Participant: 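For reference, the structure I am asking about is given below.
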Amino acid sequence: MGKLTEYLMKAPPPPPQMGFCMPMMKRWVPRPLQPWIYVVTAFCFQFSGGLYLGALDEIRGTTQFKIEDVMMLLYATLAGMAVWFPMLFRMKFRFTNLQLLCTSAIVIGLCNVITMHSHSMPLLLVVCFMAGIAKIQGTFECMSNIQNWITPKRDFAVFFPVLHIILLTAIEGGGWLAAWMGHHLTWQMMHVFTIGTMSFVLLTQLVLCRPFCPMPNRCSLKGTDWQGALLICLTMLLYSYVFVYGDYYRWLDGRPIRMALALALLSTGLTLYRLLHHRYPYVELQLLKCKNVVPILIVTTLAELAFGAEHTLEEILYTEVVGLEELTKESQYLWALPGMFLGIALDLYWLKLQKWKIWKLIGIAFLSIFSYALLMYTTIGMDVNMEQYRLAIILRGFGYGVLSPALMWALQESVPRLELFFMGLFVFNITHMYFGGAMGYGFYATIFSHFLNEDMMHYGRQLTLTHLDLSTFRFGTFMGGDYLHSMMLVAIKQVYGYVIWFSLFLASLFLLCDIPAVRTNIRKVPLWPVLAIEYLAERRRNLS
């Protein structure tokens, strides 16, 4: 086993004149075209999902769903993506690329068919969860097969920024495309489009590819802690319910939130007990003992809390105050893409070319969030054109483009084993999507409501009979007009004020303090067969 591993590690790459070759492609497919087919396939998977927020108004107009219901379905999709990360490594060495990609495409296609015709929340939760699993499995299979094409030295300081070009483009572009479909056609047409892209994936796989697995001796899924995985899924969905519906039910004043929180705490206890006492837990807790992993998770939570202002406050501003339709709003959000690409370019320069300390880079990202919040605070008003918000949107896109690849690279550099790294991605995404994303959504929605109610009460105390002409005063018209919008703008500015101080503090902390850096010497990652051999050897040692 050791000699085989050493031989594969030292095996020379193919001669440059042969070009990059993908063993799963049929021989007649031109080599220069092979990796681009998988790039397009990765985009197809990334543009898919369970329910699409870009068509939110159209969905709410034709169904009984509240905005909280749609957000809950979104977090169900994210839960499926997060929980499947530890399985990606094993699935690649258990099934062929044809089996993985075709199955993922079929599952996503069926999920979109059900989503178009069903209005049952329990069923849609399961469907969106399965769509999330298929989405991440298909994306991983595509990107892992073209990793050597993106960076022949398997340099993650290059791979993660390039990966995020696809991810972030799909996030922003998918929202705009769903809004365009909903505006010009119907919201169901986005699901029809997704079914069409999945049909394209099936066609290309069946015509252009052949079954291929990088590991001749297939890895067994025996011993996988499926019960632990289900407990983790249940826990994530319960916390999603608490954060998403918390403001709607007035938090602990509402009986549904109290019950969901009690069940979430009970499920958390059972999950931790299983992770600590099961022989082969779904996630190894020794991950948290790796150097810099806990600080990276803390930074991720703080960053998502800061970015929560974008998710919540901009939605309130554009929808409730300005009254933009979904297509105009999503077109406005597209201005984040240039900023994201600039942030990714900075990551490549910082991590690959200069190999500087990553904590300074994180400080620059928080400085970008501070600049975004400051611009929004000083720009927001009743007579402001939409074009005046574009610079702020570019700045928040820049901060997100810097943080996402940098934190993922830092996590990979801090974890010694690749299998442990996928478990780290699972914990990273839980922190990113739930403790930061969902919690940030609930937090900002609550403090906005608090400031709005407080401002209205304060202003209401100034309205006395000596200041009003009751013969001409119409209370309903007054409350539904500029008064309410102005109060909402004041509340939004107050929340942005707190974001300014919060992000400025974090930017100062990372830029001015001498925090020990993550290693800047980038490790070379061995080929997939080498990783599979080492993984199987370790499992045999554990079983014996």
Side-chain angles (χ1 to χ4, degrees), residues 161 164-165 167-173 175-176 299-319 321-322 324 328-351 356 358-381 384-408 432 436-437 440-441 443-444 448 489 492-512:
H164 277 81
I165 292 176
L167 300 183
L168 298 181
T169 301
I171 289 174
E172 298 298 333
W176 179 86
V299 171
T300 303
T301 303
L302 296 176
E304 284 298 326
L305 282 175
F307 278 112
E310 171 255 323
H311 302 312
T312 308
L313 299 182
E314 285 191 34
E315 184 70 26
I316 295 172
L317 173 65
Y318 295 140
T319 304
V321 181
V322 183
L324 295 182
T328 308
K329 184 174 63 178
E330 291 295 336
S331 299
Q332 181 84 348
Y333 290 157
L334 281 180
W335 283 93
L337 273 178
M340 290 175 174
F341 294 151
L342 286 173
I344 291 171
L346 178 62
D347 279 344
L348 282 168
Y349 175 78
W350 196 285
L351 299 176
W356 287 336
I358 192 173
W359 298 109
K360 304 291 184 182
L361 184 62
I362 294 172
I364 293 175
F366 278 115
L367 191 61
S368 176
I369 300 173
F370 160 76
S371 303
Y372 154 75
L374 184 62
L375 269 177
M376 293 297 291
Y377 182 86
T378 55
T379 304
I380 285 176
V384 175
N385 294 325
M386 288 298 100
E387 290 80 4
Q388 294 177 255
Y389 294 117
R390 288 177 179 174
L391 179 57
I393 294 174
I394 291 173
L395 283 171
R396 69 164 167 81
F398 175 79
Y400 202 84
V402 169
L403 275 176
S404 296
L407 290 174
M408 194 173 289
H432 158 66
Y441 171 81
F443 174 74
Y444 283 107
F448 169 78
L489 288 177
I492 291 172
K493 279 196 170 188
Q494 287 175 296
V495 180
Y496 270 122
Y498 283 96
V499 177
I500 288 171
W501 288 110
F502 177 64
S503 55
L504 180 60
F505 169 76
L506 292 173
S508 303
L509 179 67
F510 287 106
L511 288 173
L512 301 178

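Heavy atoms only: backbone and side chains are in, while hydrogens, waters and symmetry mates are out. This one's a predicted model, so the numbers in the text were calculated from it and none came from an experiment.
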Participant: For Ala406 and Asp347, work out which heavy atoms get closest and say how close.
Facilitator: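 The answer is N-OD2, 3.8 Å.
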Participant: With heavy-atom distances below 4.5 Å as the criterion, would you say the side chains of Val402 and Leu342 are in contact?
Facilitator: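 Result no, sub-4.5 Å side-chain heavy-atom pair not found.
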Participant: Quick one: pull up NZ in Lys360 and CD1 in Ile358 and give me the separation to the nearest 0.5 Å.
Facilitator: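 If I round to the nearest 0.5 Å, the distance is 13.0 Å.
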Participant: Give, for atom OG1 of Thr328 and atom OH of Tyr333, the distance between the pair rounded to the nearest 0.5 Å.
Facilitator: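 If we round to the nearest 0.5 Å, Thr328:OG1 and Tyr333:OH are 11.5 Å apart.
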Participant: Are any non-hydrogen side-chain atoms of Leu403 and Thr300 less than 4.5 angstrom apart?
Facilitator: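 A side-chain contact under 4.5 Å is absent here.
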Participant: Give, for atom CG of Leu509 and atom CG of Leu302, the distance between the pair rounded to the nearest 0.5 Å.
Facilitator: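 One gets 9.0 Å once the value is rounded to the nearest 0.5 Å.
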Participant: I would like to know whether Ile369 and Leu506 meet side-chain contact (heavy atoms from CB on, under 4.5 Å); could you show each step before the answer?
Facilitator: CA-CA 10 Å; Ile369 300 173; Leu506 292 173; over 6 Å; no
Participant: How are the rings of Tyr372 and Tyr496 set relative to one another: parallel (under 30°), tilted (30 to 60°) or perpendicular (over 60°)?
Facilitator: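 It falls in the perpendicular class, over 60°.
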Participant: Tell me, with the steps shown, if Val499 and Tyr377 meet side-chain contact (heavy atoms from CB on, under 4.5 Å).
Facilitator: CA-CA 10 Å; Val499 177; Tyr377 182 86; over 6 Å; no
Participant: A side-chain contact here means heavy atoms from C-beta on lying under 4.5 Å apart; do Glu314 and Tyr389 qualify?
Facilitator: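 Answer no - side chains too far apart.
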Participant: Let me confirm one number: the CD1-OG1 distance from Ile500 to Thr378, rounded to the nearest 0.5 Å.
Facilitator: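 It is 7.5 Å, given to the nearest 0.5 Å.
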Participant: Out of curiosity, Ile344 CD1 to Ile165 CD1, how far, rounded to the nearest 0.5 Å?
Facilitator: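 With rounding to 0.5 Å, CD1 (Ile344) is 5.0 Å from CD1 (Ile165).
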Participant: Counting only heavy atoms not in Phe341, do more than 12 fall under 6.0 Å of its CZ?
Facilitator: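 Above 12, so yes.
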Participant: Using every non-hydrogen atom in the two residues, find where Gly399 and Ser368 come nearest and quote the distance to one decimal.
Facilitator: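 Nearest pair, atom of Gly399 first, then Ser368: N-OG, 3.4 Å.
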Participant: Evaluate the ring planes of Tyr400 and Phe307, with Trp represented by its six-membered ring, and classify them as parallel (under 30°), tilted (30 to 60°) or perpendicular (over 60°).
Facilitator: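 It falls in the perpendicular class, over 60°.
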Participant: Got a sec: does the CH2 of Trp350 have more than 12 other heavy atoms crowding it under 6.0 Å?
Facilitator: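 Atom CH2 in Trp350 is packed in, count exceeds 12.
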Participant: For Leu317 and Met376, what are the C-alpha separation, side-chain angles and deciding distance, and is it a side-chain contact (heavy atoms from CB on, under 4.5 Å)?
Facilitator: CA-CA 11 Å; Leu317 173 65; Met376 293 297 291; 3.9 Å; yes
Participant: Under 3.5 Å, is there a donor-acceptor pair between the side chain of Gln332 and the main chain of Met386?
Facilitator: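 Yes, the answer is positive, given that a donor and an acceptor are paired below the 3.5 Å cut-off.
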Participant: Keeping the roles fixed (side chain from Ser404, backbone from Gly401), state whether a donor-acceptor pair exists under 3.5 Å.
Facilitator: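 Pair absent, no side-chain N/O of Ser404 close to backbone of Gly401.
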Participant: Which value, rounded to the nearest 0.5 Å, describes the distance between Leu504 atom CG and Leu367 atom CG?
Facilitator: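 Reported value, rounded in 0.5 Å steps: 8.0 Å.
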Participant: Quick one, Met340 and Ile171 - any side-chain contact, counting heavy atoms below 4.5 Å?
Facilitator: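 When only atoms from C-beta onward are counted, Ile171 and Met340 do not touch, as no gap falls below 4.5 Å.
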Participant: Just so I know, are the side chains of Thr379 and Leu391 near enough to count as touching, which here means a heavy-atom distance under 4.5 Å?
Facilitator: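 No, too far: nothing below the 4.5 Å cut-off.
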